[in-house]
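Convention: sequence-line order gives letters A, B, ...; per-chain numbering from 1.
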Amino acid sequence: MAKMNTPAMIAFQKNQEKRKRIFKKQNESPEAASVPLWLESWRRLIRRPTATLGMIIFILLVFMALFPSLIAPEGYDNQQYGRLFQPPNAQNIMGTDNLGRDVFSRVLYGARYSMGVGFFAVIFALLIGGAMGSIAAFYGGRADSLIMRFLDIVLSIPSILLAIAITSILGTSIINLTIAISISSFPHYARIVRAAILGIKEQEFVEAARAIGASDVRIIFRHLLPNAMAPIIVQATVGLGGAILSCAALSFIGLGIQPPLPEWGTMLSTGREYIREYWWLVIFPGMFIMLAIFSVNLFGDGLRDALDPRLKQ
Amino acid sequence: MGRYILKRLLQLIPVLIGVMLLAFLLNEIAPGDPATLLAGGESATPEKIAQIRAELKLDDPFILRFGDYVKKLVTEGNIGISYKTKQPVAAEVAHRFPQTFKMAAISAVLASIIGIALGIISAIKQYSFLDNIIAMFSLLGVSMPVFWSSLLLILFFSINLKWLPSSGFSTWKHWILPCVVIGTSMAASIVRMTRSSMLEVIRQDYIRTARAKGQVERVVISKHALKNALIPVVTNIGMHFGVLLGGAVIIETIFVIPGIGKYITDAIRNRDYPVVQGSVLVLALANSFVNLGVDLLYAAIDPRIRTQYRNMGKAKKKKTALPLGGKAA
């Protein structure tokens, strides 16, 4: 501070101000404005009608999952024995089931189970898989081969059987179901994260980060993972469809969410007993499982194309 | 080539030991005591339970039991005796595995033929009406849960039209519905894979070269393009096939087919640990063989991979010569 007035210092300050002005100008001029990657991808994404359609369906389903009581005409366990097995009609647009409950209301309430379990299962799987994949890719060598062998072992057991085994060990509850689905799917995430990080870890910016003394954890979280995000996001989207499917499938065979909760797979498994006479008990819950997975897949396809740098115009 | 296969088979050993350990561990942490179940539930006398525990050696430490298991497996080829039926697991698996394999194989062959054909058409006529239709149907196909499509087909073909039986496995008619269900969902996934892989290849320079030198379009597509686009497709088919061998539980439940998936699921519910361990081991082995088959198919398709396999021994030596380079990176 004391040397503020030396000529060299004054020249330096002027120079700094000049540089600041130049940078400001660059950032403000519309030609030079650089669009952040995510915004650019987002613009490319919503330009695709199919991806937008998928997103709209998905948002509607999420709304259903969060606020079913706003749309549903009745509660999900409103049993009325005067109207067993009513076919779809004006009052009950999807008919009523074996206990006289409104199928439409049950389907609406059901959204939160499959989709909630699917969502959290993907998050857990991402956390476990991401951690293992990052460690394997970043440290390489023995850690890498150890983790990869472990993944090979888990992958050689069919994931649905692994999930069945875990739910039967832990017992059937919503949390255990979520854990089972995430454990049976995390190797895929680990592999994707590993591949994505291996692809960028030799680049200069990582070396630069190391040179200024960044810790391993910081390099992984602040430098590697953000740059490896695209394939991970795509895998997570596709995986969400798979997780919703697994939740419904496990519930269908009686190892997931138990009645009277209106999970779609559970409803389907009840409906299966009455399939000969009452088709609507099978059609509607299944339709919503498909709709959920379909919307996620549509969105995931669009996302993959939007994030693929080779498809940039 | 023989050397490559041998190497892969040797690599299998640690994976299989790992699978055995994992299956053992899962059973170890499972609640519920198989001896109590076998003795007839909670009402059984403690003496009876203790006697069964001693018979099954359940009181031995984990390592001892695991060692015993591995020893029996290696010396007698015995993968366990069911607690429940007292029958060897191997015999039951040998009886059930063919059913599952038959279903998986028929579906996979059908799905591959239809899926690859539609995928090629879709890629050649990109953005056409036909392409859009195929794309939409294949997306629906991958989104459709197999247990729902099975029920729909049963509803339509078995209940309304009464053409096909809804469950069982005795005649060829019984196999139509399950194979169609698995086949369509698998074909849908193959179509998508073939399309995107073909589109990538078709844009390459060597395809333009082939066309420029006047090659017939049919040969350009079937020989130059398809052969190069086939690797990810084969991977996809192999993956599905492997999953089907063990994961067709739901289809087997719906159509009442006594396959291996159903066998394991029932065993898990009955806490019949030896059955779970034995059949999971067989499945892991089958899965590994499918993967090996896929890798060998790569070699058949792509001569570059063939030479890579042949050089495997040399490449290995190079790697071990520079252990520091690998670690420092």
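- Contact tally against chain A (heavy-atom pairs below 4.5 Å) for B:Val290, B:Leu140, B:Leu16: the top residue is B:Leu140.
- Residues A:Asp301 and B:Arg192 form a side-chain contact, since some pair of their non-hydrogen atoms from C-beta on lies under 4.5 Å apart.
- Annotation for A:Arg272 and B:Thr253: closest pair NH2-O, 3.7 Å, computed over non-hydrogen atoms.
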What verdict does the side-chain contact (heavy atoms from CB on, under 4.5 Å) test give for A:Ile253 and B:Phe147, after you've listed the backbone C-alpha separation in whole Å, the side-chain angles of each residue and the deciding distance to 0.1 Å? CA-CA 10 Å; A:Ile253 53 176; B:Phe147 46 92; over 6 Å; no

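- Heavy-atom distances place the side chain of B:Ile264, and not its backbone, under 4.5 Å from chain A.
- Taking both residues in full, the closest heavy atoms of A:Met290 and B:Ser143 are given as CG-O, 3.6 Å, listed atom of the first, atom of the second, then distance.
- Counting heavy-atom pairs under 4.5 Å between each of A:Val296, A:Ile289, A:Leu161 and chain B puts A:Leu161 at the top.
- Interatomic distance, A:Leu255 CG to B:Thr265 OG1, rounded to the nearest 0.5 Å: 8.0 Å.
- Heavy atoms closer than 4.5 Å to chain A are found in both the backbone and the side chain of B:Ile254.
- Interface remark: A:Leu155 contributes backbone atoms only to the contact with chain B (heavy atom separation under 4.5 Å).
- Residues A:Pro158 and B:Leu283 come closest through the heavy atom pair CG-CD1, 4.1 Å.
- Within the 4.5 angstrom heavy-atom criterion, only side-chain atoms of B:Leu22, from C-beta onward, approach chain A.
- There is no contact between B:Val276 and chain A, counting heavy-atom distances below 4.5 Å.
- Using a 4.5 Å cut-off between heavy atoms, A:Phe294 touches chain B through backbone and side chain atoms alike.
- Nearest approach of A:Ser168 to B:Arg271, heavy atoms of both residues: O-NH2, 3.6 Å.
- Residue contact with chain B, scored on non-hydrogen atoms closer than 4.5 Å, involves the backbone and the side chain of A:Ala248 alike.
- Using a 4.5 Å cut-off between heavy atoms, A:Leu291 does not touch chain B at all.
- For A:Ile169, the parts lying under 4.5 angstrom from a heavy atom of chain B are both the backbone and the side chain.
- Contact of the A:Phe252 side chain with the B:Leu151 side chain is registered, since non-hydrogen atoms from C-beta on lie closer than 4.5 Å.
- For A:Asp144, no part sits under 4.5 Å from any heavy atom of chain B, backbone or side chain.
- Across all their heavy atoms, B:Ile250 and A:Ala249 have their closest contact at CD1-CB, 3.4 Å.
- Only the side chain of B:Val280 has a heavy atom closer than 4.5 Å to any heavy atom of chain A.
- Interface check for chain A: of the options B:Pro14, B:Gly18, B:Ser166, the most heavy-atom pairs under 4.5 Å are formed by B:Gly18.
- Within the 3.5 Å criterion, the main-chain N or O of A:Val282 finds a donor-acceptor partner in the side chain of B:Trp148.
- Looking at B:Val249, the atoms closer than 4.5 Å to chain A (heavy atoms on both sides) all sit in the side chain, from C-beta outward.
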